[in-house]
Structures are given as C-alpha cells and as structure tokens.
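Here's the structure, in structure tokens; my notes come after.
As a basis for the values below, the full set of heavy atoms in this structure was taken, side chains included, without hydrogen atoms, waters or symmetry mates. Counting convention: from 1, in listed order, for ligands and their atoms alike.
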Amino acid sequence: MSELADLWAKIEGAKDCKSLLKKYLTKELYEKYKDTKTSLGGTLADCIRSGCLNLDSGVGLYACDPEAYTVFKDLFDAVIKDYHKVPAVNHPQPDFGDINNLGFGDLDPDGKMIVSTRVRVGRSHNEFAFPPSIKSTEQRKQMEKNTLEALNTLEGELAGKYYSLETMTKDEQKQLIEDHFLFKDDDRFLRDAGGYSFWPEGRGIFHNPSKTFLVWINEEDHLRFISMQQGGDLATVYKRLVNAIQQLEKKLTFAKKDGYGYLTFCPTNLGTTLRASVHIKVPKLAAAGKLNALCAGLNLQPRGIHGEHTESEGGIYDVSNKRRLGLTEIEAIQEMRKGVQEIMKAELAL
Ligand code: CIR
C-alpha cells in the first residue's frame, strides 16, 4: 500500500475523529487529489500526514508549500471557511493603517493591569517549501541565509544579533530560555508534519539588544516576526512590527495570494497571520468565571500565560485577537484594542 493510501485508510476508518480534515476529506476529494503534485513536489500525503497520524487533531491539515492552497484548493477552502468561520475565502488586501496616526497609545498608562504587550505575524518565503516537502538541509540553510542577509540590513532599534540553534553557546541558550524566547521540538502535530526534520539545522532566533523585536527562523513558519515590551503601549509595539515588516519586504518576497492574504504553513494562521496579545491581570473576572464568555463576545481568545492549553497564574491571562482572516491588519489590531479596553472596564467594575 502506498503511504497516501495508508494515511487515507487511517482517517477514513477513524469513527471518533472530529478534525476538520476528517470532515472535509471526502472519498471524492481524495480521488481528485491523490496523484496531484505542486511544482515543488508537494503531495496530498504531505498535507494530511499529521492529521492522519494524530486523529485527535482539531484541524489536521497543513500546507506542503505555498502552492498547496491553489493546487489542493477544494480541501483547503473547506477547512479554511470552517475554521475561520467565513462564508467565503475572500481576505482583503493587507492594510496596516496609518501607523503615525493610530488614534490610540498606551492602553494602561497607569501600569495597573497590563503586564506586557506582544504582536506577531508569520511570513513565508515564496520560493521555498514548507516542512513536509522540504527535502534537504541545503534548502533550510539557504532560507536561513537569505533571511539573515535581509535581517542584517535592519537599522536603529530593529538591528540585532542572530543566535543559531546549531551554534549557540550554553549561556546564550540559558538566557533565551529565561527570556521565553527559545522554541522547542515538542509538538507532536508539528513533528508529524515534518516540522522538526533536520532539527536543529537552519533554525534560530534573531533579536535586538532591548529584546523588543524578535524573529524566529524556521520554527513552525519560515519566519515569525515578534514585537513586544513590558506594559500596555500597543501603539509602539504595533508600529515597531509594521516598520520591520515594511523594511524586510524590500529585501524578501513573502508568499501571498489574492483572497487568502499572507500564506502560512498551518491554515489556521492564514490571512493577516497576526496575533496581538496582552498579559493582563484580571483576577476578579477570572474568579467570577466571567472571562471566557466576555472574551467570546469580543472576538478575543484567553489563554494561560505559558501558551495555548496552559493554566493561568495569579489571575494573569494572555488575551489576544481571535480573527486572523477576512479583516485587515489594522482592523484586527483595533478589534483587539477595543476588546482589551472592555475587559479592563469590566474588571474595574467588579
Ligand atoms: C491540529 O490540527 O490540532 C494541529 N495541527 C494544530 C492546529 C493549530 N495550529 C497551530 O498550532 N498552528
């Protein structure tokens, strides 16, 4: 039996599986795509491997490369519409807003509730495959090299240093762990999607001396850009990120597709790819059991402060925008800003 036929048999026979892959990979779509290949050589097996080996996946589908969204369109569109709760895949053109005239600044000028603020985006090199279809160390190394050439042109507060996972010293590693900057190879969904192949080759972290601008190279996505700082000054954090994106876009070509926005490895991040979050102290809302319902009504997602599926500590939650697709970057930021301000009001009212 071919690997693909084996994967298909696993998911077809899995009666309790609740993933979006299970829901939308019909026999008809399987037959339609089973011999299809992208121009980088990516296959249906590359896209569904993780979801078939991990039947408890929520989504179960990854893009093998940027072209997967076109070549396996019927499957990806169905999963994308369901996950992102959009009637059609019709993402607007990027719009970061007028960053010199945002109309908001620090969300918590007294420094009472917001511990820190972070905004991240994912970006993919247009010309390289995603992990399931990367076939060689050389490809990852080339991607790392191209990225570093661009990062090394950054100036002012964005200028920084690269810490390669392959060559960093024990002290550098210790510091990156203490700063919660280091990424690990411990996610089984990502592992089965090829995310850790050739680990740790071609991976690393770039950051500026003040640790307010950070780039992850070849973690889940080819690139993740992160802007962060203590306190609630969302305007400064967002402006720094947009500035970095615009500088790097002059040197690198990021994968983008009309109607889909920026393309990412996992279809859940597609579109703006933007996650804007605060670590916020809301002990009263949490104790009253009101945080989840409040966030849901504001299109926000609460998480424990050590990432998805972790518990909260001391009433501090990570609260971020939920919608990534079907709105512009500035709309996503404004939605998060308004929602966080509502949460602060609700906490103070208790
Ligand atoms: C799943 O389907 O549950 C996993 N493949 C993860 C989906 C969430 N996406 C992500 O972490 N980027």
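Ligand 1 has no N or O atom lying under 3.5 Å from any N or O atom of Phe189, backbone or side chain.
Every residue two or more places apart in sequence or in another chain was checked for a ring pair (Phe, Tyr, Trp, His ring centres under 6.0 Å) with Phe104, and none qualifies. Looking at residues two or more places apart in sequence or on another chain, you find no side-chain hydrogen bond (donor to acceptor under 3.5 Å, both in side chains) involving Gln173.
When Phe181, Phe213, Phe225 are each tested for a ring pair (Phe, Tyr, Trp, His ring centres under 6.0 Å) with His207, only one passes: Phe181.
For the residue pair Arg275 and Asn321, no side-chain donor N or O sits within less than 3.5 Å of a side-chain acceptor on the partner.
Those atoms of ligand 1 with a heavy atom of Tyr62 less than 4.0 angstrom away are 4 (C), 5 (N), 6 (C). Close approach to Asn269 involves these atoms of ligand 1, each under 4.0 Å from a residue heavy atom: 12 (N). Annotation for ligand 1: atoms under 4.0 Å from non-hydrogen atoms of Glu220 are 12 (N).
Residue contact annotation: Ser50 has no non-hydrogen atom under 4.0 Å from ligand 1. Contact analysis leaves Phe265 out of contact with ligand 1, as no non-hydrogen atom separation drops below 4.0 angstrom.
For Asn208 (side chain) and Lys211 (main-chain N/O), a donor-acceptor pair under 3.5 Å exists by modelled atom type.
In Leu190, neither the side chain nor the backbone holds a heavy atom less than 4.0 Å from any atom of ligand 1. Here Thr268 has side-chain heavy atoms under 4.0 Å from ligand 1, and that is the only part of it that gets that close.
Below 30°, between 30° and 60°, or above 60°: for Tyr62 and Phe265 the angle between ring planes is between 30° and 60°, a tilted geometry.
The closest heavy-atom contact to atom 7 (C) of ligand 1, among the options Cys266, Gly58, Ser19, comes from Cys266.
Judged by a 6.0 Å distance limit and a 45° cone about the ring axis, Arg123 is positioned over the six-membered ring of Tyr262.
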